[in-house]
There are 2 protein chains.
Amino acid sequence: MKKSAPKLSSDYTTRDRLLDAAERLFGLRGYDGVGMRMLAEEAGVNLGAATYHFGSKDALYIETFLRRFRTMNAKRLRLLRQAEEEAGANPLPVCKIVDCMIRPLFQSGLEHPSFQLLLARNLFMPPAFLHEAIRKELEPNIMEFHTALLRSLPGMPDNLLHLRTMFGMGALLVFSVQMDRMPLARDATFNENVLKEMVHFISAGLQSVSPPSLEEWLPVPFPPDFERR
Amino acid sequence: MKKSAPKLSSDYTTRDRLLDAAERLFGLRGYDGVGMRMLAEEAGVNLGAATYHFGSKDALYIETFLRRFRTMNAKRLRLLRQAEEEAGANPLPVCKIVDCMIRPLFQSGLEHPSFQLLLARNLFMPPAFLHEAIRKELEPNIMEFHTALLRSLPGMPDNLLHLRTMFGMGALLVFSVQMDRMPLARDATFNENVLKEMVHFISAGLQSVSPPSLEEWLPVPFPPDFERR
DNA sequence: GTCTATAACCTGATAGAC
DNA sequence: GTCTATCAGGTTATAGAC
């Protein structure tokens, strides 16, 4: 018998219980793999109360995702801007930009392991009804990082950078899915080393000299949208 | 015997129709996102006939996946062994090994776009009932490529190579999901250049000099298994 | 092998008492 | 805000006629 009450304080509302339960279950089994009844049971609340607080399953899913995704993206931009300010007029080292990009995601994985699965799921193959929310939340972020990278990689074609950034995101996402099986969160300096290794891998790919010509490449949208329903 | 004859109506059996429909729909919407009724309708066959031919939804899903996954992996190994034979006693260049690893996957994406989505899905976050089949099919493959890479990257710690290979797989998977939106399959030399760029990105990361020490790293299983049901 | 009918259960959503 | 009861429709799987 498993009791699901992460925070035992008295202001742990039905709403919060539901969001936490949804984070766990949606992350583990995906949108279609979990029903409202299962969510209500996991949260220890009534089924009727569940639909009352969010109106629909879709709305609950969206809110569950955005709750942490928003703050994570804000932190990303904050780190980048801060680094740029400190660097003054000089372009940032590529590995510094990549660090700002993935550090908040890495940290989020340590603090909220079950959200990490949901995040990876939604950036890899988001349900269609979530796609617009992701785009809106992620686009300004992507643009600012893209600009910063272009400044530090003079001569790199726009499209090639898009492609390589996509590769880097892939490395990050697969890592995210595996994070909770790794011996992390034990030793802070060890964690830092793993993060550095990932930053290093991605930076090496971004900075490498391209072998072929890809002049007719088209921009790659990310993440993709799929048909559903 | 009966090679895949996707549209020739004469021996395009109910079984094959179902597999093709399952490939499309499962790839697009995932295991939980598609019902047997939907599959039967898409395949243009009766619902009763659907369960008759495979016994269960799980079995249909597994067979749909393995049908192409098996031949893809065989081709991977064949390319690697052929390259090793040609090289004689010399260790292969890393980019050559990576090429053997991802070329069949790339090609498969050109030939069977809807399978590519299913493949990416299952390597990224496979349903639990599929995990054993994947492991059994993929493990010998991974081991042989891992050995080849170690030979070409002397001094690289086992665990670090596992980690970096995981990064590379991530790059590949995200690319797979986006393939059908790219201007590929038009010009063969263009396709080849895109493939080379991916090989190049991954090889750069694999070969790069590591910044921190990760001596206590543990082997990373891939792909992950999740609880379901 | 193919089809219909149906069993047994789960789905999201809602109406209305408390 | 929380609960019960219920809706209309979905799910997989099976039994048995053709």
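Below, read A as the first sequence line, B as the second, and so on, with proteins coming before strands; counting in each chain starts at 1.
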Distance in angstrom units between [X] [atom1] and [N] [atom2], rounded:
X	N	atom1	atom2	result
B:M36	C:dT4	CE	P	16 Å
B:Y31	D:dT11	OH	P	12 Å
A:F54	D:dT2	CZ	C1'	15 Å
A:R29	C:dC10	CZ	C1'	13 Å
B:R15	C:dT2	CZ	P	12 Å
B:Y61	D:dT12	OH	C1'	17 Å
B:M38	C:dT11	CE	P	15 Å
B:K57	D:dA13	NZ	P	8 Å

Discussion item. Let's see if you can work this out: which of C:dG12, D:dG1, D:dC3 has an atom nearest to the side-chain heavy atoms of A:H53?
Written reply: D:dG1
Fill in: Closest nucleotide among C:dG12, D:dT12, C:dT14 to the A:T51 side chain
C:dT14
Is any side-chain N or O of [X] closer than 4.0 Å to OP1 or OP2 of [N]?
X	N	value
A:R37	C:dC10	no
A:Y52	D:dT2	no
A:N46	D:dT4	yes
B:T14	C:dG1	no

How about [X] and [Y]: does a side-chain donor come under 3.5 Å of a side-chain acceptor?
X	Y	result
B:N122	B:Y61	yes
B:Y12	B:D20	yes
A:S176	A:Q116	yes

Hey, are [X] and [Y] close enough for a salt bridge, meaning a charged N less than 4.0 Å from a carboxylate O?
X	Y	value
B:K57	B:D32	no
B:R37	B:E42	no
A:E111	A:R68	no
A:R81	A:E84	no

Practice prompt. With DNA chain C as reference, determine whether B:G44 or A:G35 sits nearer its 5' end, using the nearest nucleotide of each.
Written response: B:G44
Pull out every protein N or O sitting under 3.5 Å from an N or O of nucleotides 16-18 of chain C, one pair per line with the distance.
none

